[in-house]
Amino acid sequence: MLILFQIFILFFAPFLFLGLINRIKAIWAGRKGSPILQPLYDFLKLLKKDEVISKTTSLVFRIAPTFNIAAVIFAFLLIPIPSFGSTISFNGDFILFAYILGLSKFLMVLAALDTGSSFEGMGASREVTFSSIVEPAFFILIGTLALLTGQTSFVSIFSLLNPSAGYTELIEILFSVALFIMILTEGSRVPVDDPNTHLELTMIHEVMVLDYSGPDLGFILYSAGMKMVLLSTLAANLIIPENLSPALAIIFLVVIISVTSILIGIIESLMARARMSHVPQFIFLMTALSFIAFAVVIFFIRGGIR
Amino acid sequence: MDYFLLGCLLFVIGGLVAIFFKGNVKGISFLLFEVAAQFLILPTAFNALIGGIGTEKLISFSEPIGTAAFRLDALSAFFVIIISVGSLLAAVYSIGYLKHYDEKKYSFSSFYFFFGVLAASMLLVVVVQNAILFLIVWELMSVSSFFLVGFENEKEEVRKAGIYYLISMQIGASFLIAAFAWLSSLTGSYDFNTYKNILGTQGTVSIILFLLFFIGFGTKAGFVPFHTWLPRAHPAAPSGVSAIMSGVMIKTGIYGILRIILLSGIPEKGLAFSVFIIALITAIIGILNAISQKDIKKLLAYSSIENIGIIGMGIGLGMLGLAYNIPIIVLFGFFGALLHTLNHFLFKSILFYGAGIVYQKTGTRNMEKLGGLIKYLPITSIIFLAAVMAISGLPLLNGFISEFAIYLGMANSLSYNNASLNILMIIGFSGLALVGAMALIGFTKLFGVTFLGTQREKFEYQPKEANALFLIPMIFNLVFVFIIGLFPATIIQIISGVINQFTQTNSTTEFNAILTVYYSLSKGLLLFIAIFLFFFLIRYFLLRKREIKNFKTWNCGYQLESSRLQYTGSSYSLPFLELVAAFVPQKTTVETGKEIFPVEVKLKTSQHDFVERIFIQPMLKYVRSFLNLFAWVQSGRMQQYILYGLIFLVLILIWIIGVR
């Protein structure tokens, strides 16, 4: 059951996630919109295409997308499916989770620099700058969960997150918002980044992959969707109570992932991308929320500084 | 132990013998002695490290040293192995590196001689357990490395850097002298063993002594704010020497701190807190400054400071574990610190070797002038890439393993119910994540700008791949980078003897728990590789029958190819540096001609080391104004000096007459 569900998520969720966002945006704009599975069709088409590779590039450019897709799939195996547990689990797995995504980011950034294009250099530069704000915030967030439960692996943290302990709802809300900001940043969505255009000078993620084509571009498309599915699954783990029956938990999970993508779609319909100099302030909001959650745990649940 | 001391002697003899030869024979004769020394030193060291068979030898010297103890326990053996192997590899590399220089202009003899002395003195530093002899070999190490830094002494910047380095080392040593003198007056002995019962039990005096030691050893290691010599000395030295200084020599400072902790027993909570905080600041300041550098070796020097900070965090964590009596944190902390010491030696040596190759093949260390080197130096570049990924702490490579231990130690202490410890740990937790993210910026910049893209300025001659003498040491280290990265449990078992020295209680259960974690981690990493290979094959089969066209980089319709359109290193790091402008102040000056028509405009940007500006420079100013009070003694007038002589003679006369 777990494996079947995981295979379903691995094959369809990233495309459904992206398709749903596009559909919401279309409906909001009064258009009919493309089929929800359009990203999947795009993906399959890309796999069948030839590639054009820049003469400037080297080995790094060629292996980066493969590393990228392997990293997101591996990261997905580290995250527990509510009421099932995860495929791989050990103490400190969340550190590996963050760093394996870091590995793929490292190589994608190098691949962007490999093309020798000024656009891609610019995108790479912004990508690493913003991730330097997200990373510490993510660790405060996870650290607070470890503090709250006294555990050091995803599965045991989420299984001990007891809603009756008071303040837990507050913490769950703070974390969900913080994780949502992380989804917007890591998934390169409005207001951090606008995935619709790639010629604007303010672009981040889309501009980094300008030179990719064929199967490599397909891998990148998949990874971008999967990254957001990953982080919404993480948020779902926080929200879904532990004692639900497996079938209900999975329905809950699917609902939460869909709600996340609908929310992203709505935000993209309603808001414009923030000015580049304002983006760090937006991401710092995540740091602030994580710190508030930490303070709540220290002062109200642990009983303050003695 | 006799074999060990003989091995140290061989290093020096090798340097002496090399003086009598010329040309290729010089390097080879030196190398022969170095290799022979390994056979004497390594078996003894491995016995002490793995077998737990420590050895001891007492040698009587004339006063004031007295009887000096040479002890080789697991901790010493761990450092001995790094020093011994590191020196050999750097020697192999240096033989290739020196070929670039004219033997008539540069003194190769003194290079090999001081190289041998440096290796021998570093080896002795970690085994000598007599305060006075320790200070002697400590000084010998500083002085011999000073001569190595000054190899290209016809350049003014090299001379300046050398002097700055020597003075820094002397300041650090003066703290050590004070600490050892005080300690010896308390115990009435110079033997380290007698300090064991005294050092940790003196209340305030213990704390002051610990701080004196920490400053003394910390100056060598490069803890902020005593780090300012690293970014000066490393770029000035030949690359083999930079590698041995950064990879090996600064670790003797870490050894010193660890030895003092061993002798102190359970540390004060406040001290443990301070060490942890200073280490975190060191890591952050180090990597912040690294990001803003243009000079490859300067960037590497600042990143050494960062890594010393990470090692220090491990040490601080271990001390916190001791102070709060949480065995698992003690294990994670000291294991992280020790393994990161080894790891940093492995990848930082590769990086300095690689930087040396880039410098020799292109004639510049300024990455803004480089680019696209992966096409000319494919092997060097790939090895360099692996090292860059390792130093950024990315999984599959060894840097991740030690950082993982420190992270997990901090995460474990979160379950301990103590608010001030929890707050410190969450700061450390996010701080280390910040350091990791910044390392990603710094090292993508280093590798991306230097090796990828297209060349920014025309090379004078086409760079060619380096020869075997350069590559062998790099490949040797690379193998271990991967072994530790993928199979960490093995290395834990190897250095378990050292870690156990630090635990006060029996902690087999905790140790096994750590092993289990690393076994699972190892499995996870192998699974990741399997997934990667799966997609690699998919990509291969998809593209097998497809046409892959090579074309220009897509510049959004802009057709002219120009390497000047590329992003530079400075522009790459600019968005981040603007965020942290308060800590990495940049000075930009624009020189414009005041003509009616536009003329050539010059723009110059320079960075300052924030800590140096606010801490070191004002301090130097006060010291200088104090010393200026005595400047009148040296007037430069002959008459005055004759007067001094006369006064001296009269005083002597009075004294003789008075005594009689």
Side-chain angles (χ1 to χ4, degrees), chain A residues 47 50-56 58 60 66-67 69-70 73-74 88 90-92 95-96 99-100 102-103 105-106 109-110 113-119 121-122 124-126 128-129 131-132 135-136 138-140 143-144 146-147 150 152 199 210-211 214-215 219 280 294 298 302 304-306, chain B residues 374-375 389 392-395 400 404 407-408 411-412 414-415 417 419-420 422-423 426 429-430 433-434 436-438 440-441 444 447-449 452-454 517 520-521 524 527-528 531-532 535-536 539 542-543 546-556 563 565-567 571-572 575-576 579:
Chain A
L47 292 189
D50 295 345
E51 282 201 354
V52 182
I53 288 182
S54 162
K55 278 181 288 189
T56 337
S58 65
V60 179
T66 320
F67 256 106
I69 192 168
I73 288 177
F74 180 71
I88 317 158
F90 53 90
N91 288 342
I95 302 163
L96 185 60
Y99 269 72
I100 212 92
L103 172 69
K105 188 172 282 172
F106 189 92
V109 163
L110 282 186
L113 291 173
D114 202 4
T115 60
S117 143
S118 47
F119 293 99
M122 193 178 291
S125 154
R126 286 167 181 168
V128 289
T129 305
S131 83
S132 74
E135 286 290 316
F138 179 71
F139 272 88
I140 298 171
T144 308
L147 177 68
T152 51
L199 284 184
L210 266 186
D211 259 86
F219 286 175
F294 174 69
I298 280 278
R302 280 298 185 78
I305 301 167
R306 269 155 302 170
Chain B
I374 195 165
K375 295 192 190 63
M389 287 166 70
S392 307
L394 297 175
F400 177 69
F404 183 83
Y407 270 123
L408 204 50
N412 266 301
L414 286 170
S415 61
N417 201 351
S420 45
N422 291 155
I423 292 175
I426 214 86
F429 212 54
S430 56
L434 178 65
M438 291 197 289
L440 195 136
I441 302 180
T444 46
F447 190 78
V449 175
L452 301 178
T454 53
V517 169
S520 328
L521 176 67
L527 177 67
F528 173 70
I531 297 175
F532 170 73
F535 281 101
F536 188 80
R539 181 179 181 273
L542 284 172
L543 289 176
R546 297 274 152 204
E547 192 189 347
I548 298 184
K549 283 178 226 130
N550 278 316
F551 199 67
K552 277 184 238 175
T553 295
W554 169 245
N555 260 331
C556 301
S563 67
L565 280 179
Q566 259 184 118
Y567 237 43
S571 38
Y572 179 73
F576 179 75
L579 277 183

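No experiment lies behind these values; they were computed from the predicted model shown.
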Honestly, the part of A:Phe138 sitting under 4.5 Å from a heavy atom of chain B is neither
Of B:Ser415, B:Pro395, B:Ser392, B:Gly448, the largest count of non-hydrogen pairs under 4.5 angstrom with chain A goes to B:Pro395
Comparing A:Ser132, A:Pro280, A:Ser58 against chain B, the one with the most heavy-atom pairs below 4.5 Å turns out to be A:Ser132
The reported gap from CZ in A:Phe139 to CG in B:Leu434 (rounded to nearest 0.5 angstrom) is 11.5 Å
Most contact-rich option vs chain A, by heavy-atom pairs under 4.5 angstrom, among B:Ile548, B:Val517, B:Thr444, is B:Thr444
The reported gap from CZ in A:Phe67 to CG in B:Leu394 (rounded to nearest 0.5 angstrom) is 10.0 Å
Sorted by chain and residue number, the side chain to side chain contact (heavy atoms under 4.5 Å, CB included) partners of B:Ser571 (sequence neighbours excluded) come out as B:Tyr567, B:Thr568
Interatomic distance, CG@A:Asp114 vs OG1@B:Thr454, rounded to 0.5 Å, equals 10.0 Å
Scanning both residues in full, the closest heavy-atom pair of A:Ser117 with B:Thr553 reads CB-CG2, 3.5 Å
Are the side chains of B:Phe400 and A:Leu96 in touch, meaning some heavy atoms are under 4.5 Å apart?
yes
Output for pair (A:Phe74 CZ, B:Ile531 CD1), nearest 0.5 Å, gives 6.5 Å
Problem set entry | Whether B:Tyr407 and A:Tyr99 hold their rings parallel, tilted or perpendicular, with breakpoints at 30° and 60° | perpendicular
| Taking the side chain as C-beta and beyond, is there a heavy-atom pair between B:Phe447 and A:Val109 under 4.5 Å? | no
Answer key: most heavy-atom pairs under 4.5 Å with chain A among B:Phe551, B:Phe576, B:Phe528 is B:Phe528
Those residues at least two apart in sequence (or on a different chain) that pass side chain to side chain donor-acceptor pair (under 3.5 Å) with B:Ser520 are none
Separation between CG (A:Leu147) and CG (B:Asn422), nearest 0.5 Å, reads 5.0 Å
Rounded to the nearest 0.5 Å, the OG1 atom of A:Thr152 sits from the CG atom of B:Leu414 at a distance of 9.5 Å
Q) Are side-chain heavy atoms of B:Phe429 and A:Ile140 found at a separation under 4.5 Å? A) no
Ranked by heavy-atom pairs below 4.5 Å to chain A, first place among B:Ser430, B:Gly524, B:Ala437 goes to B:Ser430
Closest heavy-atom pair, B:Lys552 versus A:Lys55, reported as atoms and distance to 0.1 Å, is N-CE, 4.0 Å
Counting heavy-atom pairs under 4.5 angstrom with chain A, the leader among B:Leu521, B:Leu440, B:Leu579, B:Val449 is B:Leu521
Honestly, the part of A:Asp211 sitting under 4.5 Å from a heavy atom of chain B is side chain
Greatest number of non-hydrogen atom pairs under 4.5 angstrom with chain B, of A:Ile95, A:Val52, A:Ile88, A:Val60, falls to A:Ile95
Counting heavy-atom pairs under 4.5 Å with chain B, the top scorer among A:Leu113, A:Asp50, A:Asn91 is A:Asp50
Turns out that what part of B:Ile374 lies under 4.5 Å from chain A's heavy atoms comes down to side chain
Heavy-atom closest pair (A:Pro215 atom, B:Leu542 atom, distance to 0.1 Å) is CB-CD1, 4.1 Å
